[in-house]
Protein chains: 2
Amino acid sequence: MSRHLHLNAFLMNTGHHEAAWRHEVSRPERAHSARHFIELAQIAERGKLDSIFFADGVAVRGNVRHNTQGGLDPLAILNAVATHTEHIGLIATVSTSFHAPFTVARAFATLDHLSGGRAGWNIVTSGTEAEAQNYNLDKHYDHGERYRRAAEFVELTQKLWDSWEDDALVIDKSTGLYAETAKIHEVAHRGEFYSVRGPLTTPRSPQGRPVLVQAGSSEDGKEFAAQYAEAIFTAWQTLGEAQDFYSDIKARAVRHGRDPRLLKVLPGIVPVLGSTEAEAKRLEAELEELLVWDYGLAQLSGMLTVPLTHDHLDVAVSDLDLPDESEINGNKSRFTLVRDLGRREGLTVRQVIARLGGGRGHRTFTGTPEQVADTLQHWFEDGAADGFNVMPPLQPSLLEAFVDTVVPILQERGLFRREYEGATLRDRFGLPRPESQYAVAPSTTLDSAPSEGGFAGRRVPAPVSA
Amino acid sequence: MSRHLHLNAFLMNTGHHEAAWRHEVSRPERAHSARHFIELAQIAERGKLDSIFFADGVAVRGNVRHNTQGGLDPLAILNAVATHTEHIGLIATVSTSFHAPFTVARAFATLDHLSGGRAGWNIVTSGTEAEAQNYNLDKHYDHGERYRRAAEFVELTQKLWDSWEDDALVIDKSTGLYAETAKIHEVAHRGEFYSVRGPLTTPRSPQGRPVLVQAGSSEDGKEFAAQYAEAIFTAWQTLGEAQDFYSDIKARAVRHGRDPRLLKVLPGIVPVLGSTEAEAKRLEAELEELLVWDYGLAQLSGMLTVPLTHDHLDVAVSDLDLPDESEINGNKSRFTLVRDLGRREGLTVRQVIARLGGGRGHRTFTGTPEQVADTLQHWFEDGAADGFNVMPPLQPSLLEAFVDTVVPILQERGLFRREYEGATLRDRFGLPRPESQYAVAPSTTLDSAPSEGGFAGRRVPAPVSA
């Protein structure tokens, strides 16, 4: 079989263009309904896409004045979507900086159970002070600590996912043996940041471990991805940059002793589709027309960490007095990307805002289905991508257009599946199912553990304090 | 309209009888599938029940050897169920001891959005060391601290639910105004345990605030319930005890300045139904026959905090050397209930195990639909209950039996609704929709807040670190 590319649909409210909600075809009032997300997922599944994905952040600020705000818990949405889809992978963003590993491990194991093995976790460390301030912190952890925490968090999570061996669940009605407690392991983790006894409350999930996805592209982020991630969402404006990243991250994976083919690199693309190039350009202009400049200025100010007003709109980004990259704590990679985009293409603040409004730093491509397919094929075959993070600027309309017009061309060219094979997200991405680390290593099990605290755990809801 | 009783279905894996999973009609292999829970919820909705409810605990111990273990995240299940039901309330247990208030507030707001206003939160403080040890603690907080934490947690959660005024969301395509940021408030909470800036990421949910449910019956628990709870799950073996509790908790609510009618008291009942009394008794005996005595001994040991072996099976509970209630940290009320049950009825260890195996301290009632309806009516009309927490010992079969045989009798007698009215769980329970506390009090809003951290919050997924 020839190498197939992977397609993930990055879903959000009304689409990735910041003015999408104002477009006449948009229905932003549905952005908090389950029905909306179920429909989007079903469209993506109709296109045989590998997976859908929701970003997340745990703070809202003043920008909500001019931009849609979903703000719902992405795992909650995916649990709902799971029961209305059969094949498509379900990837949710959850931060390692603000949650307890036990809760997160259980949440993804649950999604994996409820979806029959389709769960994926996009691991973020969260980049903003506003988020930290919603979680008992005055100031966020510094960049290095965030990633040290993330590494310990993920390894601990893997232990919890492994804590029930695959055959621990027996369910023998005749003997009354429900689970073989000698195959259920304490994780007995005591690390720099976390202390967790385990085991997890759920039997091992269909995938063993949900798929790990990552998107940071700072130095810390790339090292983390090279070590743990099975898929990477990334953002590049040019083929050259994407190729450099691709070979760099694969080489890093090799240095961590991994098979680089088991780390899928998926650059983002924002396809503005029309049946003719002129129609696509018209749609792009329509959306740009709807941008709110005050909002764009505020956003760019945040990204570049300098105050910008209407007076700056026609100033070249290369003429702005910007701090050095080393002074940025948070979304370093976003800072660099925006600065370099402006400098490289000689763009003004206004032009950068329009570009970001269209795809937020991801590559926007405006054209016909054939042209979009061409560019995907080109990047895929030229060492820049194992597939793509598809970010329709208008949803559902441009997701539908992608599924109905671009996917068939990719299938025709032998680049994309015509039918789903296998049941799990690991099957979609061609990733092996990991064995439990406790199947081979000796450890304390529920049989050998002291019984203190005893019989009072999950077991059964307490008779009164249920 | 005459006073109607309320019915909540307490769902779990294969039912509340500990041997339920071994019964020939059980399908324990489905206990981790969404389909199972969706079917149970749909049965309950067919019966026009007010709500369904899942207990939870965040540790598993050796008892899983002989008893089913769900262990999935209950909120996840309810998010799935929400999209397959239309009317029934959805109540999940979440602990205030181990989670971040921002996460919990967002999770319930999300369920409320996805379900169109049907979310309820059963607030627990978690009673076991095993759970604490999964959350970075060597030892659980003491009883008093657990409830101080819970009170601050719940008040903070209410602030977050109120942080968007009801009319903050504008969605005006023509002007580009998505949300009125002057109506979105920081909560600026700095308390003994938590520090949270806010606002929440989601617009105010359909119910304004999800319904608060509680089940603790220690002194701390009762005071907490009297102050915050809108429904109480409780466990009483006798009418007299239930009446005492009912009038006590209502009086406590009055002392907290509340209308006692807005606090619904729902004792648990485990209905073992048969079309004749003999058939019901046969089913009860069948289930008892399937109990695993080792498991029952281990469980009772945990509850009474003394080691018990087969040698104790025929010893009277009143002859056991038990600690004083004051020495129990954790499920005090369970300890007391079990001890008193044994003493009051002169039961042996074996008899107590059989009784607990049937309903875990809740009242088991074995009989015909008519007899079950009679006892519900009696408790309801005699000042012991505003409704019931129905705990079918076998699920789905005895949930179906309850819905198809007991509910019609209650409807016939004018005690229970024939059709749903209103859309939300608050409508089911006859509870008002709370106004946002920020609609009347001045506070810092997203308009007046300093913009530091700025535009980098939820707003939009970062271009790279999405």
Side-chain angles (χ1 to χ4, degrees), chain A residues 22 28 32 34 55 57 59-66 71-73 76 79-80 83 102 106-107 110 113-114 128-130 133-134 136 171 173 176 179 181 195-197 201-202 215-217 235 292 298-299 302 331 333-334 360-361 446 453-459 461-466, chain B residues 22 28 32 34 55 57 59-66 71-73 76 79-80 83 102 106-107 110 113-114 128-130 133-134 136 171 173 176 179 181 195-197 201-202 215-217 235 292 298-299 302 331 333-334 360-361 446 453-459 461-466:
Chain A
R22 298 183 65 189
H32 303 97
V60 56
R61 304 245 59 87
N63 42 32
V64 69
R65 191 164 173 81
H66 298 299
L72 301 179
D73 177 349
N79 281 305
T83 63
F102 195 90
R106 190 164 85 125
T110 298
H113 277 291
L114 296 183
T128 73
E129 298 297 331
Q133 289 163 5
N134 286 334
N136 266 21
I171 315 188
K173 283 186 179 187
T181 41
S195 158
V196 172
R197 181 174 175 186
T201 56
T202 68
S217 57
V292 176
Q299 246 207 310
N331 286 288
S333 49
R334 180 167 53 184
R360 262 181 272 110
L446 286 188
F455 323 97
R458 166 69 180 95
R459 186 187 43 78
V464 174
S465 63
Chain B
R22 298 183 64 188
H32 301 98
V60 57
R61 304 244 60 86
N63 41 34
V64 69
R65 192 166 173 82
H66 298 298
L72 301 180
D73 176 350
N79 281 304
T83 63
F102 196 90
R106 190 164 86 126
T110 297
H113 276 292
L114 296 183
T128 72
E129 298 297 331
Q133 289 163 5
N134 286 335
N136 265 20
I171 315 189
K173 283 187 179 185
T181 40
S195 156
V196 172
R197 182 175 175 187
T201 56
T202 68
S217 57
V292 176
Q299 246 207 311
N331 288 288
S333 50
R334 180 167 53 187
R360 262 182 271 110
L446 286 189
F455 323 98
R458 165 68 180 99
R459 185 184 47 80
V464 175
S465 63

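A note on names: the letters A, B, ... follow the listed sequences, proteins ahead of strands, and every chain is numbered from 1.
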Reference residue B/Leu72; test side chain to side chain contact (heavy atoms under 4.5 Å, CB included); the match among A/Thr202, A/Thr201, A/Asn79: A/Thr202
Out of A/Asn136, A/Leu114, A/Val292, A/Ile171, return the one with the most heavy atom pairs under 4.5 angstrom to chain B. A/Asn136
Which one of B/Val196, B/Asn134, B/Thr83 has the most heavy-atom pairs closer than 4.5 Å to chain A? B/Asn134
Pair count under 4.5 Å, heavy atoms only, with chain B: among A/Pro28, A/Ala107, A/Ala76, A/Ala34, highest is A/Ala76
Please round to the nearest 0.5 Å and tell me the distance separating atom NE2 of B/His32 and atom NE2 of A/His113. 5.5 Å
Taking all atoms of both residues into account, what is the closest heavy-atom pair of A/Lys173 and B/Arg22, and its distance? O-NE, 2.8 Å
